[in-house]
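Here is the structure we will look at, set down as structure tokens.
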Amino acid sequence: MRTAVVWDALRSVLAERTAATGREGLDIVDAGGGTGGFAVPLAALGHTVTVVDPSPDSLAALERRAKERGVGVSALQGDADDLGKLLHRDSADLVLCHSVLEYVEDPISALTAVAGVLRRGGAVSVLAANPVASAIHRALVGHFDEARAVLDDPVGSWGDRDPTPRRFSAETLVELMTATGFAVGAIHGVRVFADLVPSRLVDGEPGAAEALVALEQAAATHPVLRDIATQLHVLGHRA
């Protein structure tokens, strides 16, 4: 449920890139890919996948997950802005940059590094936390001052104890990606309702999970609902 919208977008990108290159197996880099939630399924589809992540524990878990699935995934330790040092230039058809820009020291440097490893016409999938959703979630648990702080803060943080250093609106993501040389494509809201609906309503009703996925897919591009999603997903292409 939480990633269905992203997978829908990725499947379209993979089909487009396969058609454009004539290659069934694409070269994919997952920057900050952690334990392989996206990388391992992509490898299972026949693509060559490399995960770059700063955590050795996450990379070890990735390798275990890949082994259990019976696929090969390359694992490299490093940050997103290290991509240029770890990988060849113009070597990737698709780069995933999911839940990374919130934590890197310099989002511009990270996206510049992503652009450097992409082949011309290659795609980037950016997934980042949305400040509006954070304000809604803080308010729903009674932290009204923190909710207001998110809306007032330039980087969308609700305070010193906030585990997410920064968040991005659709507009700021588009500005970042344009500044680093990407042609920006589709923008989707991810987890519009999934984080708000009590799990008992989903787990206890036959067909409820499927219905919620369908609702998320419908809300992903809704002109109002998209912008209150927990995360925003933006696709870009290297010109």
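These numbers come from the heavy atoms of this one structure, side chains and all, not from hydrogens, waters or symmetry mates.
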Notebook entry, point to check: Shortest non-hydrogen contact from Ala110 to Val104?
Noted result: CB-CG2, 4.2 Å
Checklist line | Closest non-hydrogen atom pair between His233 and Ala9, with its separation | finding: CE1-CB, 3.6 Å
Item checked: Distance in Å, Arg167 CZ paired with Thr172 OG1, rounded so as to fall on 0.5 Å steps -> 12.5 Å
Next item on the list: Decide whether Leu196 and Leu232 are clustered together by the hydrophobic rule: side chain heavy atoms of Ile, Leu, Val, Met, Phe, Trp, Tyr closer than 4.5 Å, transitively.
Entry: no
Margin query: Treating Glu216 as the side-chain partner and Ala194 as the backbone partner, does any N or O pair qualify as donor plus acceptor under 3.5 Å?
Written below: yes
Check: Does His222 use its side chain to pair, donor to acceptor, with the backbone of Leu225 at less than 3.5 Å?
Finding: yes
Margin query: Could you tell me if the side chain of Phe38 sits less than 4.5 Å from the side chain of Ser125, heavy atoms only?
Written below: no
Check: Any link between Val234 and Leu176 through a network of hydrophobic side chains (Ile, Leu, Val, Met, Phe, Trp, Tyr) touching at under 4.5 Å?
Finding: yes
Check: What residue among Leu127, Val124, Val126, Leu42 forms side-chain contact (heavy atoms from CB on, under 4.5 Å) with Leu96?
Finding: Leu42
Check: To the nearest 0.5 Å, what is the distance between CH2 (Trp158) and CG (Asp152)?
Finding: 15.5 Å
Item checked: Separation between NE2 of His98 and CG of Asp30, rounded to the nearest 0.5 Å -> 7.0 Å
Next item on the list: Would you check, one step at a time, whether the test side chain to side chain contact (heavy atoms under 4.5 Å, CB included) holds for Val73 with Glu63?
Entry: CA-CA 7 Å; Val73 175; Glu63 291 175 341; over 6 Å; no
Notebook entry, point to check: Of the non-hydrogen atoms in Val5 and Ala220, which two are nearest, and what is the gap between them?
Noted result: CG1-CB, 3.7 Å
Item checked: Pair Asp153 + Arg166: basic N to acidic O under 4.0 Å -> no
Item checked: Atom pair CG (Asp27) and CG (Asp90), whose distance is rounded to the nearest 0.5 Å -> 12.0 Å
Notebook entry, point to check: About how many Å separate CG of Leu111 and CG of Leu101, when rounded to the nearest 0.5 Å?
Noted result: 5.0 Å
Notebook entry, point to check: Are the side chain of Thr230 and the backbone N or O of Arg191 linked by a donor-acceptor pair below 3.5 Å?
Noted result: yes
Next item on the list: Examine distances only and state if a side-chain atom of His47 and a backbone atom of Leu26 form a donor-acceptor pair shorter than 3.5 Å.
Entry: yes
Checklist line | Side chains of Asp195 and Arg2 in contact at under 4.5 Å (non-hydrogen atoms) | finding: yes
Check: With hydrophobic residues grouped by side-chain heavy-atom distances under 4.5 Å, do Val51 and Val13 end up in a single group?
Finding: yes
Note to self: With heavy-atom distances below 4.5 Å as the criterion, would you say the side chains of Tyr103 and Thr164 are in contact?
What the structure shows: yes
Next item on the list: State, with a plain yes or no, whether a side-chain heavy atom of Val117 is found less than 4.5 Å away from one of Leu86.
Entry: no
Check: Shared ILVMFWY cluster between Leu59 and Val40, side chains joined below 4.5 angstrom?
Finding: yes
Note to self: On a heavy-atom basis, which atom in Thr180 and which in Ala115 lie closest, and how many Å separate them?
What the structure shows: O-CB, 3.9 Å
Margin query: Go through it in stages, so that I can follow the logic: the residues are Leu212 and Phe193, the test is side chain to side chain contact (heavy atoms under 4.5 Å, CB included), and I'd like the CA-CA distance, side-chain angles, deciding distance and then a yes or no.
Written below: CA-CA 8 Å; Leu212 181 55; Phe193 297 104; 4.1 Å; yes
Notebook entry, point to check: Heavy-atom distance under 4.5 Å between the side chains of Val132 and Asp227, does that happen here?
Noted result: no
Check: For the residue pair Ala43 and Gly72, what are the closest heavy atoms and their distance?
Finding: CB-O, 3.9 Å
Notebook entry, point to check: So, do Ile28 and Asp93 sit near enough that their side-chain heavy atoms are less than 4.5 Å apart?
Noted result: no
Check: Roughly how far, to the nearest 0.5 Å, is OG of Ser74 from CG of Leu62?
Finding: 9.5 Å
Note to self: Is there a path of hydrophobic side-chain contacts, each under 4.5 Å between heavy atoms of I/L/V/M/F/W/Y residues, joining Leu215 to Val197?
What the structure shows: yes
Item checked: Minimum heavy-atom distance between Ile187 and Thr221, given as atom pair plus value -> O-CG2, 4.2 Å
Next item on the list: List the steps and the verdict of side chain to side chain contact (heavy atoms under 4.5 Å, CB included) for Val29 and Leu83.
Entry: CA-CA 9 Å; Val29 175; Leu83 292 181; 4.2 Å; yes
Notebook entry, point to check: Okay, side chain of Gln77, backbone of Pro54: is any donor-acceptor separation there less than 3.5 Å?
Noted result: yes
Checklist line | Minimum side-chain heavy-atom gap Arg226-Val192 below 4.5 Å | finding: no
Margin query: Would you say that Arg119 contacts Arg17 through its side chain, given a criterion of any heavy-atom pair below 4.5 Å between the two side chains?
Written below: yes
Next item on the list: State whether the side chain of Glu102 and the backbone N or O of Val100 hold a donor-acceptor pair below 3.5 Å, judged by distance alone.
Entry: yes
